[in-house]
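The block underneath contains the structure these notes are about, expressed in structure tokens.
Keep in mind that the numbers below use all heavy atoms, side chains included, and drop hydrogens, waters and symmetry copies. All ligand and atom numbering here is 1-based and tracks the order in the structure.
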Amino acid sequence: MESASPLKMEISSNHQQVAILVSPEMGHLIPAVEFAKKLTIHTNLHVTLITQSTSSSLSMAEQSILDTLPEELNLVCLTAPSQLKNLPEGTLAINVIFLTIAYNLPLLRTILESLVCRNSRLALVVDLLGVEALDMATELGISSYLFYTSNCMSLSLSLHIPKLDAEFSGQYRDLPKPLELPGCLPLPGKDFPDPLPLRGTEGYAKCISLAKRYSEVKGIIVNSFDELEPGAVKALKENLGVPRIYPVGPVVQSGLAKAENGYECIKWLDEQPQGSVLYVSFGSGGTLTGAQIEELAWGLEMSGQRFLWVAKSPHEHEPSSALATAQSLKNNPAEFLPIEFMERTKGFGMVVSSWVPQMEVLSHASTAGFLTHCGWNSTLESIVNHVPLIAWPLYAEQKLNSVLLVEGLKIALGLVEDGDGLFRREEISRVIKCLMEGEERKKIREKMREVNEAATRAVGKSGSSSRSFMELVSEWMSY
Ligand code: UDP
Ligand code: UDP
């Protein structure tokens, strides 16, 4: 973000500080690391990044992301709190994350107190799961900000949901008509973030209690940009009851060490014709049922298109519970893919069972499409690499993202379910062919080009996101 550099000179005599608290999981870590890098490189703020993990050591993927941080940044990595050992087996992953954050609070207090002691003012940035730290920040006289790692439409829903909860007593799935949030696309109840449609569940109560706290912060930094969601951004900025909004996106992975021959999938991509490969991945946590994996495998094969598929072991429950086990599964695709699938598709497909360097895959000249779970980081990474999408949302706010991508921005093609809630092989194959070779391909690539250019402008000199970033930093510097 070149336009932010003048701030570095202007503010060089100050010692203002920002602490960024990151919730466990890659989807939170990656954008937080990038945001921390921007602050460290383009301003003279003293940045402390506090990461949290649910395991006792960092994974290779986490470590490689953290290795990209500049040396002058103060990094504090909190590994699994000891109390996690006492949790009953089968505790849902999302609950493990919430407990990790809660158990780390005393340690966080010590860290924040030591930073405050340095005779300078401090701003605390938390992400959408870290709002439990807000009371402590208030007690210590620290201003709090939210780093919302999704889009403005999702943020708008989060800010409205406490009111909706008070007004509407049924399940959101049964809302008589789609919800019309100011400046946003109409959102049918079935596409609300999981587990919101399930009133009465523990997850629902947690979502409401988190969302209630989002309006307590001084400002909300959003990983989106004005041109992507002009209506939603305008409405949020003009809504007086809402904290100040700073859309600073797209904030995506940068400066990753090139995966020097380490990754088979990159070598394989090197050997494929330019613009010929569909990348298929459901993010760091997403898994499919066995029946759905089988349909996807056949759909890929029937499409005849080249593909790179990150295939994870199936789960047998609803996709929303996939997070529970996804991380711990040992993958052996031969055990769960159709018999001889890998042999039959050897000439044009590659199946990977572990973490891939996604930014490198998406920026590779051979990659021409991305079948995605619509995680917001994946979406932004696709936008900056100009790769059109097929939307296959699973959980969290992914269905909402899919509405934005398919119906709003028209940079993704949607899939139609059959009566049993499955995407069938014929449908999968049809949509893949549309994206990769049909008339549709030209239209969607053109749309993606427009959005890609808007993203480049937003973070360029005097772009909307660069301006928001500078406003935010100026606010922090003026304490
Ligand atoms: N990612 C990756 N390799 C993988 C899977 C995921 O590099 O094999 C990265 C991806 O590039 C993105 C993040 O992990 O930055 C996933 O975030 P997203 O919001 O897309 O989905 P989540 O995993 O949170 O559901
Ligand atoms: N969530 C929410 N509002 C949102 C997005 C997510 O309340 O706008 C909830 C979501 O339903 C889930 C929890 O926050 O129960 C955790 O989301 P997750 O960690 O999956 O977010 P992600 O990693 O995709 O950013």
Side-chain angles (χ1 to χ4, degrees), residues 22-35 37 51 54 59-68 93-94 97 127-129 147-151 154 193-194 222-224 249-259 262-266 269 279-288 308-313 315 319-327 329 331 333 350-364 367 370-385 387 389-402 404-405 412:
V22 194
S23 298
E25 296 301 332
M26 294 303 274
H28 302 121
L29 181 69
I30 291 173
V33 161
E34 287 309 319
F35 184 61
K37 273 198 243 176
T51 69
T54 53
S59 68
M60 261 169 68
E62 284 168 327
Q63 192 59 59
S64 71
I65 299 290
L66 293 175
D67 284 347
T68 67
I94 188 72
I97 291 176
D127 58 33
L128 75 171
L129 304 183
F147 183 35
Y148 197 83
T149 49
S150 188
N151 48 67
S154 167
D194 160 74
V222 199
N223 199 1
S224 185
V251 177
V252 294
Q253 288 180 64
S254 67
L256 281 181
K258 277 253 169 253
Y263 286 93
E264 286 295 316
C265 64
I266 301 294
L269 281 173
Y279 168 56
V280 182
S281 169
F282 299 92
S284 55
T287 56
L288 307 175
L308 169 62
W309 178 12
V310 185
K312 298 216 182 95
S313 302
H315 66 89
S320 54
S321 61
L323 267 173
T325 47
Q327 309 281 306
L329 289 176
N331 287 319
M350 180 174 194
V351 177
V352 196
S353 58
S354 57
W355 188 259
V356 301
Q358 181 164 301
M359 268 305 260
E360 220 177 315
V361 169
L362 288 171
S363 61
H364 199 285
T367 305
F370 181 9
L371 190 160
T372 173
H373 72 314
C374 304
W376 193 242
N377 294 301
S378 294
T379 301
L380 292 176
E381 288 162 8
S382 225
I383 288 175
V384 301
N385 286 300
V387 178
L389 305 161
I390 295 175
W392 185 315
L394 298 175
Y395 57 92
E397 91 297 13
Q398 294 155 13
K399 291 197 179 86
L400 178 155
N401 298 349
S402 166
L404 181 62
L405 301 174

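At a 3.5 angstrom cut-off on N or O pairs, S354 does not count as close to ligand 1.
Summarising the contacts of atom 17 (O) of ligand 1 with L362, N377, N401, L394, the nearest heavy atom is found in N377.
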Before giving the answer on side chain to side chain donor-acceptor pair (under 3.5 Å), spell out for D127 and S23 the whole-Å C-alpha distance, their side-chain angles and the decisive distance to 0.1 Å. CA-CA 7 Å; D127 58 33; S23 298; 2.5 Å; yes
Stepwise, does the side chain to side chain donor-acceptor pair (under 3.5 Å) test hold for Q358 with S378? CA-CA 8 Å; Q358 181 164 301; S378 294; 3.1 Å; yes
Start with the C-alpha gap between Q63 and M60, add the side-chain angles, then the distance that decides, and say whether side chain to side chain contact (heavy atoms under 4.5 Å, CB included) holds. CA-CA 5 Å; Q63 192 59 59; M60 261 169 68; 5.6 Å; no
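When only modelled atom types and interatomic distance are considered, E397 and S154 share no side-chain donor-acceptor pair under 3.5 Å.
Per-residue contacts place S284 under 4.0 angstrom from the following atoms of ligand 1 (heavy atoms of the residue considered): 22 (P), 23 (O). Within ligand 1, the atoms closer than 4.0 Å to a non-hydrogen atom of Y395 are 25 (O), numbered from 1 in the order shown. Set against the non-hydrogen atoms of W376, the atoms of ligand 1 under 4.0 Å away are 19 (O). Heavy-atom proximity to S378, at under 4.0 Å, picks out these atoms of ligand 1: 18 (P), 20 (O). The atoms of ligand 1 that sit less than 4.0 Å from any heavy atom of G283 are 23 (O). In summary, the atoms of ligand 1 found under 4.0 Å from a heavy atom of G375, numbered by their order in the structure, are 18 (P), 19 (O), 20 (O), 21 (O).
At least one heavy atom of H373 sits under 4.0 Å from some atom of ligand 1. Residue contact check for ligand 1: E381 places a non-hydrogen atom closer than 4.0 Å to it. Residue contact check for ligand 1: F282 places no non-hydrogen atom closer than 4.0 Å to it. In this structure, V310 does not count as a contact residue of ligand 1, since none of its heavy atoms falls inside 4.0 Å of the ligand.
Looking at N401 and S150, their side chains come closer than 4.5 Å, going by heavy atoms from C-beta outward. Between M359 and V384, some side-chain heavy-atom pair lies under the 4.5 Å cut-off. Proximity of Y279 to V310: side-chain heavy atoms (C-beta onward) are separated by under 4.5 Å at one or more points.
For V356, heavy-atom contacts with ligand 1 shorter than 4.0 Å involve the backbone as well as the side chain. Contacts between Q253 and ligand 1 below 4.0 angstrom, taking non-hydrogen atoms only, involve the side chain exclusively. Both the backbone and the side chain of W355 come within 4.0 Å of ligand 1, counting heavy atoms alone.
With sequence neighbours excluded, the residues forming a side chain to side chain donor-acceptor pair (under 3.5 Å) with S59 are E62, listed by chain and number. By the salt bridge (charged side-chain N to carboxylate O under 4.0 Å, His left out) test, E381 pairs with no residue at all, sequence neighbours left out.
Relative orientation of the Y395 and H373 rings is tilted, given thresholds of 30° and 60° on the angle between their planes.
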